[in-house]
Amino acid sequence: METSKQAKERDLFPGALEMMILQTLKWQPMHGYALVQHLKTRSRDLLQVEEGSLYPALQRLLRAGLLKADWETSPANRRVRTYKITPSGVKHLEREVSSFAQMLKGISLVLTPMKS
Amino acid sequence: MKWLWQLFSRRRLYTDLGEEIAQHLQEKTDELVSHGMSRREAEFQARREFGNVARIEERSREAWQWRTLESIWADLRIALRQLKRQPVLALIIVLTLGLGIGVSTATFSVANAFLFNPLGLPHSESLVTLNEQQGWQQTPASFADFSDWQQQTQSFAEMTTRTWAYLNLTGSGEPQRLSAARVSANFFHFLGVTPALGRDFLPAEMLSGNDHVVVLSDALWRHRFAADPAIVGRQITLNKQAYTVAGVMPNGFHFPQAVDLWQPLALTGAEKSNRTNHDFVVFARLKPGVSREQAVAEMNRLAALLAKQHPSTNTGVSVRVAPLALSVNGELTPAYTRMTLGSTLFVMLVVCANVANLNLARVMARRHEIAVRITLGASRRRILRQLLTESTLLGLLGAMAGIGFAAIHLHLILTSMPPEVAQYLYSWDKIGLNLPVLFAAIVLALVSGLGSGLMPALLATGNLSAGMASLSATRTATDTRQTHRLRNTFAVVQVALSLVLVLGAGLLVQGMRRMLAVQHDYSPRTLLTFMINLPASRYGDERQRVAFYDRAMAQLKGTAGVMGAGIATCFPYSNDDAEWKDLSVENRPKTPGTFQAAETVTISPEYLRMMGIPLLRGRFLSASDGPAAPPAVLINERLAEHLWPRENPVGRRLRLDSWGPQAAWATVAGVVGDVMNSWTDQTAQPTIYLPYSQHPSDTTYFALRTKADALTLAPAARRAVHEVDPDLPVEEVKTYTRFLHESLLGFSYMVVMMSVMGGITLLLGGLGIYGVLSSGVQERTREIGVRMALGANRADIRRQTLLRGARLFAAGAVIGLPCALFLAHLLASLFYGVQTNDMGTLLSMILLAGVMAVLASWFPAVRASSIDPMRALRGD
């Protein structure tokens, strides 16, 4: 019960935010704030992600060993914690994306109006 | 191990997270400001878009947490805080539990060594020992019987035997007397052990003449040969003859008791066919699937067959098949251990009852808090969990204290045991705070912690309305009644159990005193004893031994300070059984199957007089009973009654069968008083005393009578013996007092333990009564105030509280006394000296417990009677 409540607050559906984070970091390492900005602009503001909800997701990924984080100094001379994807993160992402694609395909098949 | 690292690096992770979020908000704010927003507004906007910082931090942290562990940890922290709020109470609980756990853990350590796996051998459950039994006399087997068993039985996979020998080691350093086991070829294979160095015996070495090889024990190898790795193949001198070292056994192997070395059992043809020399301890391994009962049946069929074939030696002989584990430590050590272990159960129960009462006081004081939490929506289960976490924590803290107590306790046991006794206790070296013992302590802690916390916790969370009512100052009647009933029950249980233990301990102490009282006949403090073993190589001939004893006695008597000197092969209460020998009476044919034997003790003429053993008839032995004189013996009263009831035995003649049928008959010169050779004898055994001049033994105890402390004579005695033979080791030099105490060590260990435990339970029982009464007085302050105001006088109030204490004690006694009497019967049947009808002891122990109860009631009673009615009424 608790988990479903958390999931509702966390993101769109379980795993989606994580997938987007991994995909973004695969393209380029970045820190939390930059990640939020990136997600917002990439989704053309269609996704309403609460900025803070990024952090629990990052911690879960860190713990699972899919990401690693290092304190660095940004070009704007800020001390930021930069996240990078790990090899097992890349593998995980591939698996998730393919199963997500399958699920999406399944859902869209069901949702397509039937020709009678 | 990753989770472990995470557990410890967690603090850093959390700081990182906090800093990261702060940076995020900062960056966002800066950006908004750069777009023209005021800083104040920008900060507000950044926070709003970010969401609830505290919640997000919490959820991020959750990613790192192991849920159950974390919540248990949280519960533990709360529990610790709760305990800190009532530190004195918590400390009392921890110490009480610690005392119980400590005593039990230490006892368990001893029991673990002696009872549960004393052998430490592979598949030891199928190992048995075989002994012969004739009448009530149990002996090892004769070699011919052993051979027949080995060849004619089906029940056993393997059978082996050993006998004893003593050897004098000379050559490097002080001469040393070594104990050896002479073992048959398959002995080591049977036990499943192989030497750590070298090899064990070859079949060829079981032949007389080839047998000058030995396997050393680890201890001998280390102490005598400096753990020389090149020892194998070297020659050592034993009994002045050269022996080759074939191997060294691994550390810790000493079966069935510590010996210094092993020798091959090479016997002559005559020795192999001997059926009267019962010197061979037989070990056997049951075939898989064969029960001990089946083996017993087969052995008894075989024994009957042998009795027919060899009627003169085997008539009436049956075979005892006993588990090996039982036989290595005798029957007494396990009996003592079991008794002590059983008593710790009582101690733990009393401790738990006591702590349960303390816990009840603890949780009842928190009923307000509990009621509020339940009203605010906490589940009963949640609060139960919290309360039980607290009692478990108390239990574990108790275990820590207990392990401390146990360490002290074990240290005392280990250091108080003389090494020369410890070496005969199989598995003595396994006693200590090892893993199984620590595990037992933890289990004990959890069980006692939970056990003593459960009832109070259930009661405290059970009746919500009562809990709510306790918010207002008035308590409901059912609530208090329930609590009181529980408290009283715990107190009564404590009284009952402590009575049982105290009575048991009292009887045992009295029994021990009775046993030690007999020693004063011998004035043991002024008696110095030591032992000498004459090696066969130089003292193989009787005349050589007699000459040695004559010269040694003369030397010793001439030593300054010696008032008298004597020798005997067995001292009273030495617990070494004297040698049993079959005997025949002149002109009286033997009936086969009847057991006619006596313990034989070889003495010097002045020994009995020196020990104060009375002459009843005839004369003592004298110097005139020399090697050339006609054989003379003394017999004790018991043997006289047995052989010549209502007749005068003096002048009658008898003969030991081991002398052979051609030997001269020995005349009974006199009858002397009975002496117990063993503490476990209920009555004296029939005994024959032989003069050393006619039957010189190779191993003998010496006794020297002195004026003052006997031990001061020890160096002079050593010198005197070395005057006669500088190569002889003088061993086990000690006063007879010490000698006696060592022979009673197992028993006295049990007695001390039982007394300590009796004392602990008595104290706890007293505290139990005290606790119940004083909390009763506290709760009834108002009522007492009212009654005083209405005219009750102080003496009445005091009497009332004392009466309540008396009722608790009486209820405990009603339950406890029958159990105590049962225990008394058990003790009396197990241990010599303990008597059930010892009314004096029983009554004085009950009185002692009663005094404790009165003391425990007195202070609350005085407090009750000194209540000031005015203040009591105004109090609430």
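Every chain is numbered from 1 and lettered A, B, ... according to where its sequence line falls, protein lines coming before strand lines. In what follows, every heavy atom counts, from backbone to side chain, and hydrogens, waters and symmetry copies are set aside.
For B:Arg47, the CZ atom sits in a loose shell: 12 or fewer heavy atoms of surrounding residues, nucleotides or ligands are nearer than 6.0 Å. The number of heavy-atom neighbours closer than 6.0 Å to CG of A:Leu104, taken from other residues, nucleotides and ligands shown, is above 12. Under a cut-off of 6.0 angstrom, the local environment of NZ in A:Lys84 is crowded, with over 12 non-hydrogen atoms contributed by other residues, nucleotides or ligands. For A:Gln102, the CD atom is loosely surrounded, since the number of other residues' heavy atoms within 6.0 Å does not exceed 12. The number of heavy atoms from other shown groups lying within 6.0 Å of CE (A:Met30) is above 12.
Using a cutoff of 4.0 Å between basic side-chain nitrogens and carboxylate oxygens, A:Arg79 and B:Glu19 are scored as salt-bridged.
The closest side-chain heavy-atom distance from A:Val36 to B:Lys28 is not below 4.5 Å. Looking at heavy atoms from C-beta onward, B:Glu20 lies in side-chain contact with A:Gln59 at the 4.5 angstrom threshold.
Ranked by heavy-atom pairs shorter than 4.5 Å toward chain A, the options B:Leu17, B:Leu25, B:Asp16 are led by B:Asp16. Ranked by heavy-atom pairs under 4.5 Å with chain B, the list A:Gly32, A:Ala34, A:Ser74, A:Gly52 is led by A:Gly52. In terms of non-hydrogen atom pairs under 4.5 Å with chain A, the most contact-rich of B:Glu49, B:Glu31, B:Glu57, B:Gln23 is B:Glu49.
To the nearest 0.5 Å, atoms CG (B:Asp30) and OH (A:Tyr33) are separated by 9.0 Å. Distance OH/A:Tyr55 to CZ/B:Phe50: 5.5 Å, rounded to 0.5 Å.
The heavy-atom pair separating B:Ser60 from A:Pro56 by the smallest distance is OG-N, 3.3 Å.
A:His31 and B:Glu27 share a donor-acceptor pair across their side chains, judged by distance under 3.5 Å alone.
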